[in-house]
Asker: 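Here's a structure for you.
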Amino acid sequence: MSHYRVAAIDLSGAGDSGYRSHYSPDQFAAEVVGIADDAGFGDDLIVVGHSFGGFITLKTGLLFNERLSGIVLVDSAVRPPDFKWERDPRRSPIKPKRIYPTFEEALGRFRLMPPQDCSNEYVLDYIGRHSLKETEGGWTWKFDDQMFNKFEFGDNMHEELALLKCRVAVMYGENSYLFSQDIADFMFEVLDESVVDAGVPGFCFGLTPLVTQRVSHGIAQRAEKGRVHFKVYRISADMVGHFPAQIIVGAGRIFVEQQFDGLCQHAAFHAFIRVCHQLGSLWIGIKKCFVNSWRDISRAFTTSFQANSYSAESISNLGFDWVCVDLQHGIIDYTDLAQMLPAISTTETTPIVRVPWNEPYEIMKVLDAGAYGVIVPMVNNRSEAEQAVHACRYPPLGNRSFGPIRGALYGGRGYAQEANDQLACIAMIETREGIDNVEEIVTTPGLNGIYIGPADLALAMGLDVYGDQPQEEHLEMVKYIQSVCLKHKQAIGIHTSSLEYAQKYLSLGFNFVTLGSESGHMMKNASRELAAARGTVQAERESTGGELAQHLLQKYDVKGVGVEATEAGDHYDPSAKMVRLSEANFNGKSLTAVAIAAHEVGHALQDHMGDKHLAARTRLAPLADRIARISSAAIWLAPVVGLLTRHPIPFSGLILIGMSGLVARMLVHLVTLPTEWDASFGKALPALEEGQYIAPGEEHTIRRILRAAALTYFAAALADVLNLFRWEVRAFEHQLEESLRNPEGWYTSFVPAVRPGYSGVGIYSRTKPDRVINILGDEQYDVEGRFMVAQYGRTSVASVYFPKGSGKDRDNSRVPYKLGFYRKVFETVEKLKKRGPVFVTGDYNTAHTEIDLARPKTNKKSSGFLPEEREEISRWLAAGWVDTFRTQHPDEEGHYTWWRQFGGAREDNVGFAPVNMECDVYDMVVEGEIPHALRGTFYRNGPNPQFAPRGDYHWFGGDGMIHAFHLGDGKASYKNRWVKTKKWQVEHEAGRSLFSAFNPLDNDESVAGMETDGLANTNIVWHGGKLLALEEAHAPFELDPVTLESVGAHTFGGKLQGPMTAHPKIDPENGEMLFFGYNIDGMLSENMSFHVVDKDGNLVRSETFKAPYSAMVHDFMVTRDHVIFPIMPLTGSLERAMQGAPVYAWEPEKGVHIGIMPRNGSVKDLRWFRGEPGYVFHPMNAHSDGDTVVCDVCEFEQAPLFPGPDGTPGDPNKAIPRLTRWSFDLAKNTDDYKWERLDDIACEFPRLDERRSGLSYRHGYVACDTRPKFKVGGFNAIAHVDHKTGAMDLYDVGEACATNEPIFVPASDDAPEVIW
């Protein structure tokens, strides 16, 4: 057992738990096991109890023996029946709790009983502080002072001790007031000598004095050959906290809080750990050698040590591939190393040592001590590299002297024979001479790797030294060294001081990185804890902008000022004494939210300090607004007066008044600009720096945001001079509604394309432009209506619709055209700059950096993110153009436009973007007529992302949204609601996407390892009186059928263990619902399940079976007599995912496997048939006729939407679904079946009259695409299929519409099968 998980319990009547009217040992024992169940610990528990808690532990072991691996009694004395106390502490009356007027007075009453010295005051202080609660009149203790008056243990505990059947360990303090040697001898006599005994004299543990350790021969006798694998991390404060304190230990980890780090140095704690491991199983194994280890993986992580054995052991337990003990720069020597290497050896982490210098005796000595590799600094040439290698190798490959005192003990038998092959020798290149001789060093025979020391490398290049080197020339040198290593297939690593640079170098292809040192990690975490203790906010920014604002107001003692969210923009209201933040900044945790919150608090500080400039600004602001209103009125009146008077002077006068007013308003804000500047840089920035609210490296970004905040009002006033609003259109002007073509109060200008509906741009402005330019002067661009400029005085505003680079076949064939357009626009607007300011707005159709794109990894070769396209954006920035959004929001992710998930959305102008709201619409406008007989509710479910996605996105990963259309009497109403799964709720609270669609490695760190109840985004079914939203990876999710409010995961009374398909089948004859699940043993397993639910919603049958391979099994078929499971080669692979390849991929070589099972049989009767590769998402129907089974499906030659195993996109010409029939002759003793194409039209989402589901039938319906080039999801027609005649009738919904899954509704229960 390599890990522990821990739950620390406050029993009823203690700590933060509630009180009972009666207490009993049996009740306490039940609480212990109940909490273990709630925590999901399962069986094989180890229950640990101290003092009073030990008696509860004993009772738990007696009552729940079958659940336990063992118990540990810590200073819990079970006395002989004839034992007599001079003064029985159990009989001491429990005095009623007092109420103390102050917390400090109450805390002062907390002390040890009986009085004694304690060298660990911080432990006592922590316990005392967490044992108090505030009550009416002051402070008192948390425990129920009537607890011991409400039950009695009795005097027969020795008899219960003798009845224990589980394994037992006893720990006691040699100087304990409650425990004596006589009691210990009695307990061991009762338990027998096999009990694990850990006597610990003198350390203050809980309420009993304990120090150092004495572990009896029990552990030594039980330890088998090999190394015990201890996992010691952090232990929760409750473990040594509340009285009484209990601990449940299951398979998992032990945690020790940083404030109790010193506790782990005490032998008492180590004795406790050994006891826990003794009760569990020993981990025995041989560590993989370092050389093989790093060669077997593409990326390895390490850290370096400079402290002691405990630090080494603790960090090694975190899962690093290897760790490095630094003898070169660390404040340690060989004596420390000799203690640290055995500590590292208790883990699976490989120990490496950086030696002080390239001295053979230094290298040999650390290898003899048990290092599995050395890093040799300052290697300058081939000769020095050979010297290092020879010191690592025994003859004949080197000159290492034999004497592996501990190395052989650690490495085991065969060390001498295998050491030359398994020990790593790594040379550091970090000097000018080393750079010059990099080729000869890298090719040194026997060298296992190159390690770059970035700081010394910077010094050798004459550069300044930083924690991580940001200089471009440094990066180029690093890449040069890497290129030499790649050329000669030599592994390369580098030291980094931050996660950012570690990820950067790994992304460049480095084999291993050193992720800082343990002292660096300690300082970072300690600073965060210190900041938390002081109430500040660290770089992780667990607090929102609103919370930061409230904290700063309290910190600077600004009384009477509140903080609230507003829709009116970020500002401070001096009259209302209120800091108002936009919703995004009030609830956000970004750098922008932090900076803006601090800026507005800066105004509150100015107000609090009586700043006269703020007071002047407060007086002038209303004046500026009045001026703006008068100016706008004058501008509005100008054309009216001009038309009435037909004279230029009144018109020009009003225009002059209007423009003068807008300029005056701009000047007002220019005058008050120093006040804004002071709020940003005189108040906000010092507060943020003083309180350590921003991490190192963020200062530059914070300054940019604060500068933008200070300039906000002035910039807005400047923009109001123009007061422009830009709109993109995709139609001719005459096709727009009047409200869009000539909106009241706006001047409009349009440039349509020659081709209808293709593209076009327009500008709406409050001010009439002096001139409109609507051509670039190049016909190939002008025919597409992509460019226009409106000029207002010397200012030009360009509205541009940049073309995309992908062609009709979704290749990059239009990239040259796109680049030419970019350059033509650039040349044009550069000329406009000479006459005055220029604003360029529009869809650039290019993401400049990875932060601007949802899926950068998968789009590196796609138009919109190609290097040459991104270079065009860089050209603009280099020429002095400003990306206005990134200037305001430099570090915010998720801010980009994105289109609906189906291919071809933009070219088809189909509006399948996610719906971002929930709404209710009554008495909808009906175009045409709804049949009066059509009465009921039509429910629809589909993926609808709540937030822009993260990671490699697939549209299957959107959140479920239910749409309900209530129909009756020719009328319709509508309601929609998100399916509020756990994922949806967590992301809703965070205000951003946290989960990846398929790959959990792309999840946000805040939800790492979090289990959810799925997406519930694929289908919806009504059965057994319940409305269930379905997706195939989880249990169904229940919704209220009327309100659509979420109820929660539905597991059929806890009987369903695992996922349920999104496509169950309901038997029209008996009402049963049949379904299956795949990946039932976790992600990407081969095992599947089959279930049956009766008509009343009771799960009555469940079986499991193993599929031929792990695959995405979206649907299945059921007949009156058979169940058909199609296993098709859209395969899932966890190993592939761990290597960064697609989770699901198309592997046609695996072929198709179709299993058929009799409904009256079991999975043991499954018979498998083989066929050529193809894929089916949805069948139309299946039916049995004696020994013949017929299945009608929409089959793809190649699965769409998914790539090959290496990420290569599929062939779109093969990803076309067509109606196909499979026929199986069960009477034949073969595994083949008949395959028949029923029609060549592209079709999907087949349906039928559900009254014939699983039975012979004649009529079916599909969504189909009649256009020459099929696009997944782009259906434009509905087809009726007559299986008797083979005829297919089509209904084309028209160019402006699209269709999806057709649903057949019978006119009545006894109506015929078809009406068309």
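No experiment lies behind these values; they were computed from the predicted model shown. All heavy atoms count here, side chains included; hydrogens, waters and symmetry mates do not.
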Asker: Would you check if H848 and D883 make a side-chain contact, meaning some heavy-atom pair closer than 4.5 Å?
Answerer: no

Asker: Measuring only between side-chain heavy atoms, which start at C-beta, is L508 closer than 4.5 Å to K479?
Answerer: yes

Asker: Run through E473, E472, Q471 and flag the one making a side-chain contact (heavy atoms from CB on, under 4.5 Å) with L475.
Answerer: E472

Asker: Can you check whether E850 reaches F865 side chain to side chain, under 4.5 Å on heavy atoms?
Answerer: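 Yes, at least one pair of side-chain atoms sits under 4.5 Å.
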
Asker: Distance check, rounded to the nearest 0.5 Å: Y480 atom OH versus C485 atom SG?
Answerer: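 Between atom OH of Y480 and atom SG of C485 there are 10.0 Å.
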
Asker: Report yes if some heavy atom in the side chain of I452 is under 4.5 Å from a heavy atom in the side chain of M428; otherwise report no.
Answerer: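 Contact flag for I452/M428 side chains = no.
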
Asker: Are more than 12 heavy atoms, taken from residues, nucleotides or ligands other than E476, located less than 6.0 Å from that residue's CD atom?
Answerer: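 Enclosed: over 12 neighbouring heavy atoms sit under 6.0 Å from CD of E476.
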
Asker: Do F512 and L506 come close enough that some side-chain heavy atom pair is under 4.5 Å?
Answerer: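 Contact flag for F512/L506 side chains = no.
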
Asker: With side-chain contact (heavy atoms from CB on, under 4.5 Å) as the test, would you mind laying out the steps for L457 and I435 before giving the verdict?
Answerer: CA-CA 9 Å; L457 183 66; I435 295 171; 3.3 Å; yes

Asker: When you look at I702 and L685, which way does the side-chain contact (heavy atoms from CB on, under 4.5 Å) test go after all the steps?
Answerer: CA-CA 8 Å; I702 283 288; L685 184 60; 4.0 Å; yes

Asker: Under the 3.5 angstrom rule, does the side chain of Q328 hit a backbone N or O of R354 as a donor-acceptor pair?
Answerer: no

Asker: Is the side chain of R382 donor-acceptor paired with the backbone N or O of E440 at a distance under 3.5 Å, no angle test?
Answerer: yes

Asker: Do L819 and V815 make a side-chain contact, defined as non-hydrogen atoms from C-beta onward lying under 4.5 Å apart?
Answerer: yes

Asker: At what distance, to the nearest 0.5 angstrom, does CD1 of I429 lie from CE of M378?
Answerer: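 Reported to 0.5 Å precision, the distance equals 12.5 Å.
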
Asker: For E430, check salt bridge (charged side-chain N to carboxylate O under 4.0 Å, His left out) against everything at least two apart and list the hits.
Answerer: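 Expected list: none.
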
Asker: Describe, in one word, how the ring planes of Y394 and F402 are oriented to each other, choosing from parallel (under 30°), tilted (30 to 60°) and perpendicular (over 60°).
Answerer: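 Tilted, since the angle between the ring planes falls between 30° and 60°.
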
Asker: Can you tell me how far CD of E869 sits from OG1 of T846, rounded to the nearest 0.5 angstrom?
Answerer: 4.5 Å

Asker: What's the separation between atom CG in L486 and atom CD1 in I481, rounded to the nearest 0.5 Å?
Answerer: 12.0 Å

Asker: Minimum heavy-atom separation for A684 and L706, please, with both atom names.
Answerer: CB-CD2, 4.0 Å

Asker: Looking only at side chains, do T431 and N380 share a donor and an acceptor under 3.5 Å apart?
Answerer: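 There is such a pair between these side chains.
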
Asker: Within this structure, what is the OH-CZ distance for the pair Y451 and F510, rounded to the nearest 0.5 Å?
Answerer: 11.0 Å

Asker: Apply the side-chain contact (heavy atoms from CB on, under 4.5 Å) test between V353 and each candidate in L327, I363, L367; give the one that qualifies.
Answerer: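 The side-chain contact (heavy atoms from CB on, under 4.5 Å) with V353 is passed solely by L327 among L327, I363, L367.
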
Asker: Drop me the distance from T444's OG1 to Q490's CD, to the nearest 0.5 angstrom.
Answerer: 8.5 Å

Asker: Taking all non-hydrogen atoms of both residues into account, name the closest pair between A502 and T496 and its distance.
Answerer: CB-OG1, 3.6 Å

Asker: Do side-chain atoms of N381 reach the backbone of E433 as a donor and acceptor pair under 3.5 angstrom?
Answerer: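 Not a single qualifying donor-acceptor pair exists.
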
Asker: With a 3.5 Å distance limit and no angle check, can you tell me whether R400 reaches the backbone of A391 through a side-chain donor-acceptor pair?
Answerer: no

Asker: Can you give me the closest heavy-atom contact between P1142 and P1205, atom names plus distance?
Answerer: CD-O, 3.3 Å

Asker: Contact between V366 and L341 at the side-chain level, heavy atoms closer than 4.5 Å - yes or no?
Answerer: no

Asker: Cation-pi check for F681 against R703: NZ or CZ below 6.0 Å from the six-membered ring centre and within 45 degrees of the axis, yes or no?
Answerer: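 No, R703 does not sit over the ring of F681.
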
Asker: Within the side chain of R1136, is there an N or O that forms a donor-acceptor pair under 3.5 Å with the backbone of A1141?
Answerer: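 A pair under 3.5 Å: no.
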
Asker: Please answer whether the main-chain N or O of C425 pairs with a side-chain N or O of N448 as donor and acceptor at a distance below 3.5 Å.
Answerer: yes

Asker: Suppose we screen for salt bridge (charged side-chain N to carboxylate O under 4.0 Å, His left out). Which residues come up paired with D456, at least two apart in sequence or across chains?
Answerer: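 Once residues adjacent in sequence are excluded, D456 has no partner under the salt bridge (charged side-chain N to carboxylate O under 4.0 Å, His left out) criterion.
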
Asker: Which atom pair, heavy atoms only, marks the closest approach of I441 to A385?
Answerer: CG2-CB, 4.3 Å

Asker: Please step through side-chain contact (heavy atoms from CB on, under 4.5 Å) for the pair C392 and V374, ending with a clear verdict.
Answerer: CA-CA 8 Å; C392 294; V374 293; 3.4 Å; yes

Asker: Taking the side chain as every heavy atom from C-beta outward, state whether T514 and C324 have any atom pair closer than 4.5 Å.
Answerer: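 In short, these two side chains do not touch, never coming nearer than 4.5 Å.
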
Asker: Is R393 reaching over with its side chain to a backbone N or O of G446, donor-acceptor style, under 3.5 angstrom?
Answerer: yes

Asker: Look at the side chain of E384 and the backbone N and O of N358, then say whether any donor-acceptor pair between them is shorter than 3.5 Å.
Answerer: no

Asker: Ion pair present between E362 and K365, side-chain N to carboxylate O less than 4.0 angstrom?
Answerer: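 K365 and E362: not salt-bridged.
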
Asker: Can you check side-chain contact (heavy atoms from CB on, under 4.5 Å) on V325 and I352, steps first, answer last?
Answerer: CA-CA 6 Å; V325 181; I352 304 295; over 6 Å; no

Asker: Taking salt bridge (Lys or Arg N to Asp or Glu O under 4.0 Å) as the cut-off, I'd like each qualifying pair that reaches into residues 483-495, sequence neighbours left out, listed once.
Answerer: E439-K487

Asker: Could you report the tightest heavy-atom contact between P342 and L337, atom names first, then the distance?
Answerer: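 Closest approach of P342 to L337: CD-O, 4.3 Å.
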
Asker: Over all heavy atoms of both residues, which pair between P454 and I494 is shortest? Give the atoms and the distance, please.
Answerer: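 Reported closest heavy-atom pair: CD-CG1, 4.2 Å.
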
